[in-house]
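Convention: sequence-line order gives letters A, B, ...; per-chain numbering from 1. These numbers come from the heavy atoms of this one structure, side chains and all, not from hydrogens, waters or symmetry mates.
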There are 2 protein chains.
Amino acid sequence: MSAEQAAPSRIERKRGRRIQEILTAAAELFGERGYAAVSLEDVAERLDVTKGSLYYYFASKDALGTAAIETLGNEWTSRLENLPAAQEGPPAARLRALLREHITIAVREYPAALGLFLVPREWPREQHERIKELRRRHDGLFRRVVEEGVASGEFRVTDVGTALQCMHASMSQAPVWCEGLAGAAVDRAIERLADTLMMLVGQAP
Amino acid sequence: MSAEQAAPSRIERKRGRRIQEILTAAAELFGERGYAAVSLEDVAERLDVTKGSLYYYFASKDALGTAAIETLGNEWTSRLENLPAAQEGPPAARLRALLREHITIAVREYPAALGLFLVPREWPREQHERIKELRRRHDGLFRRVVEEGVASGEFRVTDVGTALQCMHASMSQAPVWCEGLAGAAVDRAIERLADTLMMLVGQAP
DNA sequence: CAGAGTTTTGACCCTCAAGTCAATACCTGA
DNA sequence: TCAGGTATTGACTTGAGGGTCAAAACTCTG
């Protein structure tokens, strides 16, 4: 009753890291091939362990899937929340910073996460709710900036909700569009996409 | 060797209709739940037949999937190609007509087809190519109008390809966004989306 | 109505992936 | 170094779903 939150003992930290490894591998595979098309044996193989080992950490495939989504989504959102360039200044600059960062994360670091924000239909229902929850928090970041820009008259938007949806739908596809590109070409694609999406709030480059 | 294309006999027409029914049911289910998550038994059940019956018409699940994509995609593209409002007039009006029609079809008639133009990753490779092919033809329609608008100076676009990709990504999600809406609310959502996408070429409503 | 052609059935096989678990290997601190 | 918990294995069960096929049911047409 006293020190319940006290000890992140060595053993617990090790366990935590292991779980993290598993989640990363799982998220990558799910993103690459789709949830239904990935077997736990695939995940295990990528980690050079056996399936049974995964069940030591997660009760089921769905549990693993859910955890993967949450971890990845939280991490991603946190990074955007703490992006310096998005903290202050004119809305246009802040929105652009958010867009660029979001696309960069999607393309360069978590091509894995493709679909996380799109709620792939074949995923279990329970996870749909979780993903929607994550999206709301994530969306809030963009929404605040856009609404501010609209209020100050800098942005011209028909409907904020629709504009945000279009941004997310487009960004979620970015990893696909960048397949086959490399080096500077990727950077250019990212910039083009950010520029194009700024048009949604009436900001020509 | 002589009259190979001659006879669409009664029996052949009946067969054709049956195939059409199967394709429709299959496309609906694939759209709703995702390719991998739909079993042929599911498809059969929706048609009140047994699995074996499907194999009388299609050699495999993949064959069925491929055929479903092609049929649906062709029909869809043809409708856009023959849209009167998209034939002549200022590019802005024509683009808007294309957008509105495309979204309407997506939302009202083929929510089934969700993902057809997004190339869901878990689908068999062979089908990716087919979908890409379909998309090229489909894209051409939009591209022509947009490029014309850019040439005449009416549109302001950073990059035509990127703008088109954003349009498609957004429209593909429209059925999801309209879930739970009904009647006039759907129409309004369609208009909002069309308006928002016009922003991508610099056209405020 | 008979019988040829067409369509549908339902029982069957086979593979693959989820999930279980007793036995084993691995640590680590006393 | 050995006793404790901790982590991992690999062989196993089970169920679902793709695919096959001979036999039954239907549907024309003579």
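Proximity note for Lys51(B) (side chain, C-beta onward) versus dT7(C), dT9(D), dG19(D): the nearest is dG19(D). Across dG19(C), dG19(D), dT9(D), the shortest atom-to-atom separation from the side chain of Lys61(A) is found for dG19(C). Among dT8(C), dA18(C), dG10(D), the nucleotide with an atom closest to any side-chain atom of Thr50(A) is dG10(D).
Under the Watson-Crick or G-U wobble criterion, with both distances below 3.5 Å, dT8(C) is paired with dA23(D).
Side-chain nitrogen and oxygen atoms of Arg15(B) include none within less than 4.0 Å of the OP1 or OP2 phosphate oxygen of dT6(C). The phosphate of dT9(C) (OP1 or OP2) has no side-chain N or O of Tyr55(B) nearer than 4.0 angstrom. When the side-chain nitrogen and oxygen atoms of Arg10(A) are compared with OP1 and OP2 of dG29(C), one or more of them lie within a distance under 4.0 Å. Distances shorter than 4.0 Å separate none of the side-chain N or O atoms of Arg18(B) from OP1 or OP2 on dT6(C).
Cation-pi geometry between Arg18(A) and Tyr56(A) is not met: the NZ or CZ atom fails to fall both under 6.0 Å from the ring centre and inside 45° of the normal. Both tests do not hold together for Lys61(A) against Tyr55(A): distance to the six-membered ring centre under 6.0 Å, angle to the ring axis within 45°.
The OH atom of Tyr56(B) sits 13 Å away from the P atom of dT9(C) (whole-angstrom rounding). Rounded to whole angstrom, the span from the CD atom of Glu45(A) across to the P atom of dA17(C) amounts to 11 Å. Between the CD atom of Glu41(A) and the P atom of dT9(D) there is a distance of 12 Å, rounded to whole Å. When the P atom of dG17(D) is taken as reference, atom CZ of Phe30(B) falls 13 Å away, rounded to whole Å. Distance, Asp42(B) CG to dG17(D) C1': 10 Å, rounded to whole Å. Rounded to whole Å, atom P of dA17(C) lies 16 Å from atom CG of Leu64(A). One atom, CD of Glu21(A), and another, P of dA7(D), lie 13 Å apart when rounded to the nearest Å. In this structure, Tyr57(B) places its OH atom 11 Å from P of dT6(C), rounding to the nearest Å.
Residues Ser170(B) and Ser170(A) are in side-chain contact: their nearest non-hydrogen atoms beyond the backbone lie under 4.5 Å apart.
When heavy atoms are screened at a 4.0 angstrom cut-off, Phe58(A) is found touching no nucleic acid atom at all. Within 4.0 Å of Ser39(B), counting heavy atoms only, lie sugar-phosphate atoms of the nucleic acid but no base atom. Using a 4.0 Å heavy-atom criterion, one finds that Val43(A) contacts no nucleic acid atom at all.
A perpendicular orientation is assigned to the rings of Phe142(B) and His102(B), their planes being inclined by more than 60° (bins at 30° and 60°).
Projected onto DNA chain D by closest heavy-atom contact, Ile11(A) and Ser53(A) fall at different nucleotides, the more 5' of which corresponds to Ile11(A). Along DNA chain D, the nucleotide nearest Lys14(B) and the nucleotide nearest Ser60(B) are compared for position; the residue whose nucleotide lies closer to the 5' end is Ser60(B).
Applying salt bridge (charged side-chain N to carboxylate O under 4.0 Å, His left out) to Asp195(A) and the options Arg188(A), Arg96(A), Arg100(A) leaves one that passes, Arg96(A).
With respect to the salt-bridge test (charged N to carboxylate O, under 4.0 angstrom), the residues Arg79(B) and Glu101(B) qualify.
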